[in-house]
Amino acid sequence: MGPNTEHARGFGALDAPLSCAVGEVRVTEARRKLCGWGYEGQGLTAAEADVFRDRTAKRFGVPLEPRATAPQVADFDLRPPRLAPPASLEALFRDDPYERLLHAYGKSFPDAVRMFRREVPEPPDLVAYPETTDDVVRILDWAGDAGAAVIPFGGGSSVVGGVEPAVGDSYAGAVTIDLLKLDKVLEVDRASRAARIQGGARGPHIEAQLREYGLTLRHFPQSFEHSTLGGWIATRSGGHFASLYTHIDDFVEATTTVTPQGVMETRRLPGSGAGPSPDRMVIGSEGILGVITEAWMRLQDRPTHRGSAAVHFADYAKAAEAVRMLAQSGLYPSNCRLIDAQETATAGAGDGSTSLLVLGFESADHPVDAWMKRALELTADCGGDHSASAGRSHREGAAGAWRDAFIKGPYFREVGVPMGVIGDTFETAITWDRFADFHARIMARTAEILEQATGRPGSVTCRFTHVYPDGPAPYFTFSALGDWERLAGQWREIKLAANEAVVDAGGTVTHHHAVGRDHRPAGYDRQRPGVFAQALAGAKAAVDPDGLMNPGVLIDPQGRDVGVTGAMAP
């Protein structure tokens, strides 16, 4: 029997739930959590949380009790807002404690630690909810006159300090612009397979509005349910496809960005050789140049055919070689995630004796049996065994177990942090010729860092999230038992050393999680060419001469001393 091949329904290998019905623009929903992933009421069941606590205590060999409860609005004593909007804009702003707390942090490990510890020294003074591009123009004009820093905010799912209003003392205050209300698909060009979509549209809302046209953006990051198109573009998000269409870059046709110096709208074209691309300057700009309010996005027909398989390897090096062969074969699998033996065991997808390759193909045009057959021939040449997945869908067996653990992953932090468990990730990319040495160095160095920072052994695992003909994107997950009183500092020590190790070994400090504030020290500032840093600073000075936009991210604004802020501040 061969691998499972079936007609696709829904979103594919990483199916995501819709939050609204076809044709709806926005729905009434539960409030977003102050601390933790998703919405109030979402998360692990009580039984799942108990199993995680027991398993974690057994793993570290010590009893573990939570040191804090989930924070509530009444727990915080926030400083008063330092700004007040003009009467003409007052309806667009909020300054109540819930809104200011919600927009104080993203969803990183140190963000959770500080919220559980009730430490929010620098909340935004105001939160704006524009409904049109013109609203954003007026808000930026007022902020410039008021001398306020401006933080663009999509879904708030940043895990790198990208939305934290820690801007130093040289601003009159900080204003967060939340694009939640800019959530519509405004126009669909069925012939060109493209759509004009507002920057605040979250993944489920986009897919719901495209479904009636038989189209899909097919960009499904793990944060799909809670993140926005503008955030994906600003952070160069990595999506569902493990090869070929890996980043949001591949889908951007044109952008509309509001800068403090005016609106920059690019031309819709399938391609252009007219000088450096303005869209490429906006993609990955992380809010330092302006607010992305709209974009024309390339779409695809919804897939109707799917094939999936789980391939086990006793030899990790041979598994990596199989993935290299797949990446260079021209088959372009939609899913090609190699998960090492330890992570496979942790996810309940194996017994720890083999690495697991989760393999998938999708098409809106033709059956994928031939592609899957050839892919499995390549994996078999490297010792891969897919017999256990025969006849099973991607939701069953080892692949299904890993998928379930992957989707639930962000919710475990809400249980682990109060017990002092340090759990985080970092991802990178490296060429194939350097991968074996790179992997060995990073695994060894991370294990060493964990023990140095916490005084006891931790664990580190690796999987591939995306693969290219010239190299993989390894994604490392680490955990250790920390000291509740020093938890943020211990994490900072680990993060800085890991960033430094990755860059020193020749990798990138981030493949798809963005730079934010957390990846700058020991990472992006060292990886980035000095001449390019000057060019980026010049571009920022041209569109944001007062340095208002997301200061401290990517580069420091000219004439402002923001120092090391946020979670990286000692």
Side-chain angles (χ1 to χ4, degrees), residues 11-14 16 154-155 157-160 162 193-195 197 199 201-203 206-207 216-224 226-255 257 266 269-272 276-289 292 295-300 323 326-327 332-337 360 362 425-432 463-475 502 507-516 519 523-524 527-528 532 536 553-554:
F11 292 135
L14 295 181
S157 60
S158 171
V159 292
V160 294
R193 292 199 316 190
I197 306 171
R202 285 171 294 170
I206 294 171
E207 293 297 331
T216 174
L217 180 57
R218 271 209 85 49
H219 185 78
F220 299 138
Q222 189 178 22
S223 61
F224 170 80
H226 310 294
S227 53
T228 65
L229 176 67
W232 298 343
I233 296 172
T235 60
R236 298 189 70 186
S237 165
H240 161 74
F241 286 101
S243 66
L244 191 60
Y245 301 121
T246 59
H247 277 81
I248 197 67
D249 313 32
D250 301 314
F251 302 120
V252 175
E253 190 177 65
T255 54
T257 305
T266 64
L269 296 167
S272 174
S277 167
D279 290 316
R280 292 291 171 178
M281 185 172 75
V282 171
I283 298 169
S285 60
E286 300 193 27
I288 72 166
L289 303 180
I292 301 166
W296 274 95
M297 303 299 295
R298 300 181 179 95
L299 307 176
Q300 301 174 67
V323 174
L326 285 167
Y332 300 120
S334 60
N335 204 356
C336 191
R337 287 170 168 81
E362 297 168 342
T425 66
F426 59 95
E427 25 71 57
T428 181
I430 193 74
T431 54
W432 288 114
R463 70 175 182 265
F464 293 171
T465 59
H466 303 79
V467 294
Y468 304 91
D470 51 345
Y475 189 106
V502 164
T508 177
V509 74
T510 179
H511 173 263
H512 59 264
H513 278 169
V515 175
H519 284 153
Y524 182 68
Q527 173 182 337
R528 170 189 64 201
F532 176 76
L536 183 58
V553 171
L554 292 182

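In this text, all values refer to a predicted model and were calculated from it rather than measured experimentally.
Not a single donor-acceptor pair under 3.5 Å links the side chain of S243 to the backbone N or O of A327. For the pair E253 (side chain) and A194 (backbone), a donor-acceptor distance under 3.5 Å is absent. A donor-acceptor pair is defined here as one N or O able to donate and one able to accept, closer than 3.5 Å; no such pair exists between the side chain of R218 and the backbone of F241. E286 contributes a side-chain N or O that, together with a main-chain N or O of V515, makes up a donor-acceptor pair within less than 3.5 Å. Side chain of R337 to backbone of F464: no donor-acceptor contact under 3.5 angstrom is found. Between the side chain of T508 and the backbone N or O of A429, no donor-acceptor pair lies under 3.5 Å.
Closest non-hydrogen pair, R528 versus L554, comes out as NH1-O, 2.7 Å. Counting all heavy atoms, side chain and backbone alike, V509 lies closest to Q527 at N-OE1, 2.8 Å. Nearest heavy-atom pair across T266 and P278 is CG2-CG, 3.7 Å. The heavy-atom pair separating V553 from G162 by the smallest distance is CG2-O, 4.2 Å. Minimum interatomic distance between W232 and P221 (heavy atoms only, all atoms of both residues): NE1-CG, 3.7 Å. Across all non-hydrogen atoms, the minimal contact from A195 to L299 is CB-CD1, 3.7 Å.
Summarising the local packing, CZ of F251 is surrounded by more than 12 heavy atoms from other residues, nucleotides or ligands at distances under 6.0 Å. Counted within 6.0 Å of OH on Y332, heavy atoms from surrounding residues, nucleotides or ligands total 12 or fewer; the atom is thus considered open.
With a 4.5 Å cut-off on side-chain heavy atoms, L229 and L217 count as touching. Between V467 and L326 there is no side-chain heavy-atom pair separated by less than 4.5 Å. Using a 4.5 Å heavy-atom cutoff, the side chains of F224 and H240 are not in contact. Using a 4.5 Å cut-off on side-chain heavy atoms (C-beta onward), T257 and L289 make no contact. Using a 4.5 Å heavy-atom cutoff, the side chains of H219 and D250 are not in contact. A heavy-atom distance below 4.5 Å is found between the side chains of I206 and I197. The shortest distance between side-chain heavy atoms of V323 and C336 falls below 4.5 Å.
Evaluation of the salt bridge (charged side-chain N to carboxylate O under 4.0 Å, His left out) test over residues 238-249, restricted to residues two or more places apart or in two chains, returns R236-D249, D249-R280.
Using modelled atom types and a 3.5 Å distance limit, the side chains of D279 and T255 yield a donor-acceptor pair.
Exactly one residue among H511, H513, R463 makes a side-chain hydrogen bond (donor to acceptor under 3.5 Å, both in side chains) with E427. That residue is H513.
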Show your reasoning for whether side-chain contact (heavy atoms from CB on, under 4.5 Å) applies to V160 and T510. CA-CA 10 Å; V160 294; T510 179; 5.8 Å; no

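Note that CZ of R202 is 12.0 Å distant from OG of S223, once rounded to the nearest 0.5 Å. With rounding to the nearest 0.5 Å, the separation of NE2 in H466 from CG in L244 is 11.5 Å.
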